[in-house]
Amino acid sequence: MRKAGIIFTVVLFLIFSGSLLANPVMLYWVSVSPGLNMPVTTGGTTYGSMPTGVYNVAIDMNGDGNYQMFSAHCVDPMFATHTPSLYSIIAIPEQDNYLQAAYIFSQFGEPSGNQEAADKQAAIWSVIGGFSFPDGLSQNALNMIAEAVEAVAGGWHATGGLSLAVSPAEGEFYGDGYQDFIIRTPEPAAILLFGLGLAGVGILGRKKIQKV
């Protein structure tokens, strides 16, 4: 019975975490802060002053009209939406460029200032592809890129807790719709804790029954 209860808990976790990643959400872009404006070329056009840094996005994860703020980085050469638009939250694709972007996002922490935030976003744009930089990249950004490329080439794929918010919500997304974002999603971890709690309750309940 104990084994069956644990298996049931794991199945519940997989179902609920899978449904989180599959369900459409509403998302809109609020600001880029911290960060800097810098020249960026994308889609054949050079923008002399592109906001580059931490993208602050609002997401209604549950469809209840309540928006949570998420720190994100852009991974798509499209314009951001300033009004709520339909997105999907999906797992990080097992592709080198997305894994490298996930590595940079997760391993270099929260930027402590404008230049560091701009370096991190520029490094992510560089590994994702579709972006170039007329003024070049800082040494800090180049170091981030080199470390990410080496880590992924060595087999790194520790993307747990990270997801992509993609537009359109179904079908192809890169280069279509609005900007896609890499975000940190706490909900799967919360569901896991809930599942572990259920498992713990089941185990403790079984022990109490055995003692009676």
Other residues, nucleotides, ligands: >12 heavy atoms within 6.0 Å of Tyr178 OH: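 Atom OH in Tyr178 is not crowded, with 12 or fewer foreign heavy atoms closer than 6.0 Å.
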Would you name the heavy atoms of [X] and [Y] that are closest together and state the gap between them?
| X | Y | value |
| --- | --- | --- |
| Ile104 | Ala148 | CG1-CB, 3.7 Å |
| Tyr174 | Gly129 | OH-O, 2.8 Å |
| Tyr98 | Pro93 | CB-O, 3.7 Å |
| Ala123 | Ala141 | CB-O, 3.8 Å |
| Pro168 | Asp176 | CD-CB, 3.9 Å |
| Asp180 | Ser167 | OD1-N, 2.9 Å |

Heavy-atom side-chain contact between [X] and [Y] under 4.5 Å:
| X | Y | answer |
| --- | --- | --- |
| Ile90 | Ser163 | no |
| Phe70 | Arg184 | no |
| Cys74 | Ile124 | no |
| Asn143 | Gln139 | yes |
| Val40 | Thr52 | yes |
| Trp29 | His82 | yes |
| Met69 | Asn56 | yes |

Matching residue for Tyr87 among Thr81, Ile59, Asp60 - test: side-chain contact (heavy atoms from CB on, under 4.5 Å): Thr81
Full working for side-chain contact (heavy atoms from CB on, under 4.5 Å) between Ile145 and Leu137: CA-CA 10 Å; Ile145 294 166; Leu137 291 172; 3.7 Å; yes
Between [atom1] of [X] and [atom2] of [Y], what distance do you get to the nearest 0.5 Å?
| X | Y | atom1 | atom2 | result |
| --- | --- | --- | --- | --- |
| Lys120 | His73 | NZ | NE2 | 4.0 Å |
| Met50 | Gln121 | CE | CD | 10.0 Å |
| Met61 | Ile183 | CE | CD1 | 5.5 Å |
| Met26 | Thr83 | CE | OG1 | 8.0 Å |
| Ile182 | Asp76 | CD1 | CG | 12.5 Å |
| Gln179 | Met78 | CD | CE | 9.0 Å |

For residues [X] and [Y]: do they belong to one hydrophobic cluster (side chain heavy atoms under 4.5 Å, members Ile, Leu, Val, Met, Phe, Trp, Tyr)?
| X | Y | result |
| --- | --- | --- |
| Val54 | Leu162 | no |
| Val25 | Leu86 | no |
| Val75 | Val30 | no |
| Leu142 | Leu36 | no |

Residue pairs, two or more places apart or on separate chains, that pass ring-ring contact (aromatic ring centres under 6.0 Å, His included) and touch residues 132-162: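 Matches after skipping sequence neighbours: Tyr103-Trp156.
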Qualifying residues under ring pair (Phe, Tyr, Trp, His ring centres under 6.0 Å), relative to Tyr67, sequence neighbours excluded: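 If we apply the ring pair (Phe, Tyr, Trp, His ring centres under 6.0 Å) test to Tyr67, skipping adjacent residues, the hits are Tyr28.
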Contacts of Phe131 that satisfy ring pair (Phe, Tyr, Trp, His ring centres under 6.0 Å) - sequence neighbours left out: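 Ring pair (Phe, Tyr, Trp, His ring centres under 6.0 Å) check on Phe131 returns Trp125.
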Residues Gln100 and Asp96: side-chain donor-acceptor under 3.5 angstrom: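 No donor-acceptor contact under 3.5 Å links the two side chains.
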Distance-only donor-acceptor check, side chains Gln115 and Asp119, under 3.5 Å: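 Yes, side-chain donor-acceptor contact under 3.5 Å.
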Tyr55 ring center within less than 6.0 Å of Phe181 ring center: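 Yes - the distance between ring centres of Phe181 and Tyr55 falls below the 6.0 Å cut-off.
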Donor-acceptor under 3.5 Å (Asn62 side chain, Asp64 main chain):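 No, the answer is negative, given that no donor and acceptor are paired below the 3.5 Å cut-off.
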